[in-house]
Amino acid sequence: MSNKKRKPSQRRPVSTYRASARQEPEVRRGFLDRFVPPPGATPMPRIRTSFTRGLCAVLATPSVVVAIPVLVLIEWIVLVAFGFQGPFALLGSTFGVPPISTWTDFTLASSVFTTIGRAGVGTAARPLIAIAAFLAISAALQAVVTTVAVERFRAGSVTSWAVRRALHVWPFTIAIGVANVGVLIAAGLGRVLGAGIGLLITIAILMAGVYLLAFAPAIAADEDHAIPFTLSKAVRAARMPGSSNLLFAALYVVPSIAILSATSLGALPGSTIDVNPSIGAWVTVILLNLLQAAVVATFAFRYLSVADVVPDAPTPRARR
Amino acid sequence: MIREQSPTIVKPLELGLAWTVAAVPLVALLVLAGRFLDSRLGPVAFAPGGDEEDLVPLEDDFA
């Protein structure tokens, strides 16, 4: 019995340092701190500063300003050729951030390419193929606007590099669009709960889509990572403490939904069935798309401002 | 009886004219506004630790 070897003692070494080992209690952050951070708590620029920079990046690039009305005209002609009759104001989100642009893609694809009263594989596949095509086009537009903004912020001017780089960013924006299809489906399920709570859940899910994924195109344009890593880094950038990203997502999503609702209620120029939009409708849709592009550039600016401090790997949670 | 043309018939001339009248002056105005804004704001300078140049503590958005 006494032969048994004693286990070596596993006591922790006693510290000779007599000061208290307790750490300072971490200041607990409330839920509302995600919306309105305390002053000086974040390296992320203010929303107003970011939006001014984003708007300036778009306006100061004449090729983007000219491309917006030209592309909207081309899109309208193609849609009318396929039998679309309006409302024209739906095109106001062409340059939007997913899932808002994804929502418009869904609406346009399903209203133009759904054939009622027919059956068959072709009839069923047409809207799906159309949604994929619309997603790819929206992704291309988002990729180009993002790379233009990134080059303007980094180099001060825009060259053909932006277009070449946009080809690299395009698969990323397609992946974001596909992820946002899931967001839209989840948002649609929220409507089951009725007009009140259902609408709130829908808005919350759309906000989550913008909040979590909106930085990904800027990361793809500025850095070289694989798609999964880029998406996870976008989530980390969005969740930076006190960065007001949730507030910014809310400030983007709520007015966007209000504009889409105004279109369906006929309260916006170009929201009636008419294939010949009025001058007011053209001005409205061009300005809306310009603001959408400015928001895309704003997200690029916000990411570039904190690119150095966003961790490449998830930080382990501190034990309480 | 009211004689009214269908809004679903494309009138290329009217469509093109409305687009031109709306887009051309608007684009010119926006480009000018962009030049003005760009010269006012100047180039962006990202600090190495994050954040942009114009952080004025007293001017916080929601303070």
Side-chain angles (χ1 to χ4, degrees), chain A residues 35-40 42-50 52-53 55-62 65-66 68-70 72-73 76-77 80-81 85-86 152-154 156 240 244 247 272-287 290 301 304-310, chain B:
Chain A
F35 287 90
V36 187
T42 171
M44 191 75 85
R46 292 168 298 152
I47 290 173
R48 196 176 53 191
T49 307
S50 312
T52 309
R53 281 292 183 188
L55 185 65
C56 180
V58 170
L59 289 180
T61 313
V65 180
V66 172
I68 287 173
V70 171
V72 171
L73 176 68
W76 180 244
I77 290 170
V80 170
Q85 296 175 346
R152 180 157 282 284
F153 293 137
R154 286 284 191 214
M240 278 181 70
S244 300
L247 175 68
T272 51
I273 299 293
D274 192 351
V275 293
N276 305 297
S278 64
I279 296 169
W282 279 110
V283 170
T284 307
V285 167
I286 291 168
L287 286 177
L290 191 100
F301 177 77
L304 294 180
S305 302
V306 296
D308 291 337
V309 289
V310 178
Chain B
M1 284 275 281
I2 299 168
R3 193 175 279 273
E4 198 174 326
Q5 269 210 329
S6 166
T8 58
I9 296 170
V10 183
K11 296 177 210 155
L13 198 68
E14 192 181 304
L15 182 73
L17 195 69
W19 181 84
T20 310
V21 171
V24 173
L26 190 61
V27 165
L29 267 175
L30 292 171
V31 169
L32 283 176
R35 283 190 182 168
F36 172 74
L37 253 181
D38 200 34
S39 62
R40 279 291 297 270
L41 291 177
V44 179
F46 296 111
D51 213 347
E52 213 226 337
E53 74 284 352
D54 60 350
L55 263 189
V56 184
L58 293 174
E59 235 192 37
D60 196 72
D61 262 344
F62 307 100

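Numbers restart at 1 for each chain; the letters A, B, ... are given by sequence-line order, proteins then strands.
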**Message:** Are more than 12 heavy atoms, taken from residues, nucleotides or ligands other than I9(B), located less than 6.0 Å from that residue's CD1 atom?
**Reply:** yes
**Item:** Side chain / backbone / both / neither for L32(B) at chain A, heavy atoms under 4.5 Å
**Value:** neither
**Message:** side chain to side chain contact (heavy atoms under 4.5 Å, CB included), that's the test. Do L26(B) and L290(A) meet it? Break it down for me.
**Reply:** CA-CA 11 Å; L26(B) 190 61; L290(A) 191 100; over 6 Å; no
**Request:** Only counting residues at least two apart or in another chain, list the ones meeting side-chain hydrogen bond (donor to acceptor under 3.5 Å, both in side chains) with T8(B).
**Result:** S6(B)
**Fill in**
Greatest number of non-hydrogen atom pairs under 4.5 angstrom with chain B, of V72(A), L73(A), I286(A), V70(A), falls to L73(A)
**Message:** Go through it in stages, so that I can follow the logic: the residues are W76(A) and L15(B), the test is side chain to side chain contact (heavy atoms under 4.5 Å, CB included), and I'd like the CA-CA distance, side-chain angles, deciding distance and then a yes or no.
**Reply:** CA-CA 10 Å; W76(A) 180 244; L15(B) 182 73; 3.8 Å; yes
**Prompt:** So what's closer than 4.5 Å to chain B heavy atoms on T61(A): side chain, backbone, both or neither?
**Reply:** neither
**Asked** Going by heavy atoms in the side chains, are P69(A) and V27(B) under 4.5 Å from each other?
**Response** yes
**Fill in**
Under 4.5 Å to a heavy atom of chain A? For L30(B) that would be both
**Reported CG-to-CZ distance for the pair D308(A) and F46(B), which is rounded to 0.5 angstrom** = 10.0 Å
**Request:** Mind checking the CZ-SG spacing from R35(B) to C56(A)? Nearest 0.5 Å is all I need.
**Result:** 12.5 Å
**Prompt:** For V10(B), what residues pass the side chain to side chain contact (heavy atoms under 4.5 Å, CB included) criterion, not counting sequence neighbours?
**Reply:** V80(A), V275(A), N276(A), P12(B)
**Fill in**
Rounded to the nearest 0.5 Å, the CD1 atom of I279(A) sits from the CD atom of E14(B) at a distance of 9.5 Å
**Fill in**
If one checks every heavy atom of V58(A) against chain B at 4.5 Å, the contacting part turns out to be neither
**Request:** Measure the acute angle between the ring planes of W19(B) and W282(A), then classify it against the limits of 30° and 60° as parallel, tilted or perpendicular.
**Result:** perpendicular
**Request:** Look up atom CG in L37(B) and atom CZ in R53(A), then write down how far apart they are to the nearest 0.5 Å.
**Result:** 9.5 Å
